[in-house]
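Positions are given from 1, in the same order as the sequence printed here. Atoms within a ligand are numbered from 1 in the order they appear, just like the ligands themselves.
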Amino acid sequence: MSAPQREPAGHPAVGDFIAHGYHVFDGGVDAGAAGELLARIRALRTFDADLFLSEAEFDADPRYVGVNPAPGRNLLERFEDDLAFVEKDPAIVAAVSSLLGDDYEILLKKLVCGVPASIVPDWLKARIHGNPVNNLGAYVKAPYRDITYFYGIDFHQDLIDYKDREADFITLYIYLHDVGAHDAPLFLLEDSHRLGGTLFPHDLTRTADGWTYRDGRGGQVETRQHLLTGPAGYAAMWHACTLHGTQPDAADNERLSLRYLIARKPGRQGGGIDVVNAALNGPLSLDATRKDLDARGAAVIKANSVNKA
Ligand SMILES: O=C(O)CCC(=O)C(=O)O
């Protein structure tokens with residue numbers, strides 16, 4: 001007789017999501033495979049000042065939309081077979097299945113680069129100083145927009161990119177090399193998922209060991225700040241309403257990570273995510289997710305909490 005199937009809601013990932021809004025994988029994924037993928041990526045791309053447009057080139061035709069990886073413009077498309085160390089890792093598959101069902105779908109996968117201060121041109125640093133979202137895609141030369149480049153991003157929910165969509169998806173993050181406190185690690189706010197979807201930029205006030213987070217609807221939660229640091233192959237995943245962000249990369253080297261958005265198959269109900277979502281005290285979807293951009297997509301709000309973390 002085969003062993004009894006474990007109930008999805010009994011998987012530790014579901015308990016962690018209910019309690020704190022995220023789950024860290026003990027031991028991560030295969031560090032050797034992460035290192036091999038990293039070497040192949042570095043053989044294709046040099047992360048230096050040549051990534052960027054000149055100020056005159058940018059000003060001649062500023063574009064803020066269509067500057068991130070998309071089908072046909074995604075470096076990871078060349079590495080489909082090399083991603084089995086993540087996508088077929090038994091612990092990842094079991095944990096994601098417990099939340100989203102066995103037939104879960106990868107909505108998006110891409111490489112994210114935390115850009116080191118040493119390669120960002122001075123004109124660009126001056127322009128973006130204090131912006132809450134420093135996704136540098138607009139300033140990167142067109143052929144290099146197959147990776148997302150961040151110079152820090154304020155605390156946000158991944159729901160931010162999915163107006164009107166229910167929080168039926170999770171984010172999985174894998175570090176391809178060791179990431180310490182100075183390599184632009186992710187800062188994650190434990191328990192912040194509990195307020196459901198809230199408008200970006202978020203209402204956060206620093207406390208002795210974390211942040212008071214208010215939802216603008218009268219609700220608030222005290223959150224602890226967890227720095228996601230770890231060795232190559234480090235793997236963590238979080239709920240679409242869990243606040244997280246990064247500071248600008250102060251080190252000399254870029255930080256390279258894999259970012260997956262993974263969703264329940266359309267039309268499916270059930271799975272651990274419904275149990276998690278039933279425990280939230282706030283909306284599961286928003287008809288507006290952010291108020292920091294103008295119609296072209298340029299920043300109009302200069303404010304940043306994570307840089308004070
Ligand atoms: O990797 C980073 O610097 C930030 C990534 C992030 O927060 C995101 O992609 O949602």
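Ring geometry for H156 versus H244: interplanar angle of 30 to 60°, hence tilted. Classification of the Y139-F58 ring pair by plane angle, with boundaries at 30° and 60°, yields tilted.
For R259, the side-chain hydrogen bond (donor to acceptor under 3.5 Å, both in side chains) partners two or more places apart in sequence, or in a different chain, are D158.
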Could you pull out every donor-acceptor pair under 3.5 Å between side chains of residues 29-37 and any protein atom, sequence neighbours left out?
residue: D30; atom: OD1; partner: G32; partner atom: N; Å: 2.9
residue: D30; atom: OD1; partner: A33; partner atom: N; Å: 3.2

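Under the salt bridge (charged side-chain N to carboxylate O under 4.0 Å, His left out) criterion, the residue pairs touching residues 202-215 are D215-R217, with sequence neighbours excluded.
In terms of heavy atoms, L159 sits closest to T289 at O-CG2, 3.5 Å.
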Return a table of N or O atom pairs, ligand 1 on one side and protein on the other, at distances under 3.5 Å, rounded to 0.1 Å.
residue: ligand 1; atom: 1 (O); partner: Y173; partner atom: OH; Å: 2.4
residue: ligand 1; atom: 1 (O); partner: R255; partner atom: NH1; Å: 3.1
residue: ligand 1; atom: 1 (O); partner: R255; partner atom: NH2; Å: 3.1
residue: ligand 1; atom: 3 (O); partner: T246; partner atom: OG1; Å: 3.0
residue: ligand 1; atom: 3 (O); partner: R255; partner atom: NH2; Å: 2.8
residue: ligand 1; atom: 7 (O); partner: H156; partner atom: NE2; Å: 3.3
residue: ligand 1; atom: 7 (O); partner: H244; partner atom: NE2; Å: 3.4
residue: ligand 1; atom: 9 (O); partner: R259; partner atom: NE; Å: 2.6
residue: ligand 1; atom: 10 (O); partner: H156; partner atom: NE2; Å: 2.9
residue: ligand 1; atom: 10 (O); partner: D158; partner atom: OD1; Å: 3.0
residue: ligand 1; atom: 10 (O); partner: H244; partner atom: NE2; Å: 3.2
residue: ligand 1; atom: 10 (O); partner: R259; partner atom: NE; Å: 3.4
residue: ligand 1; atom: 10 (O); partner: R259; partner atom: NH2; Å: 3.2

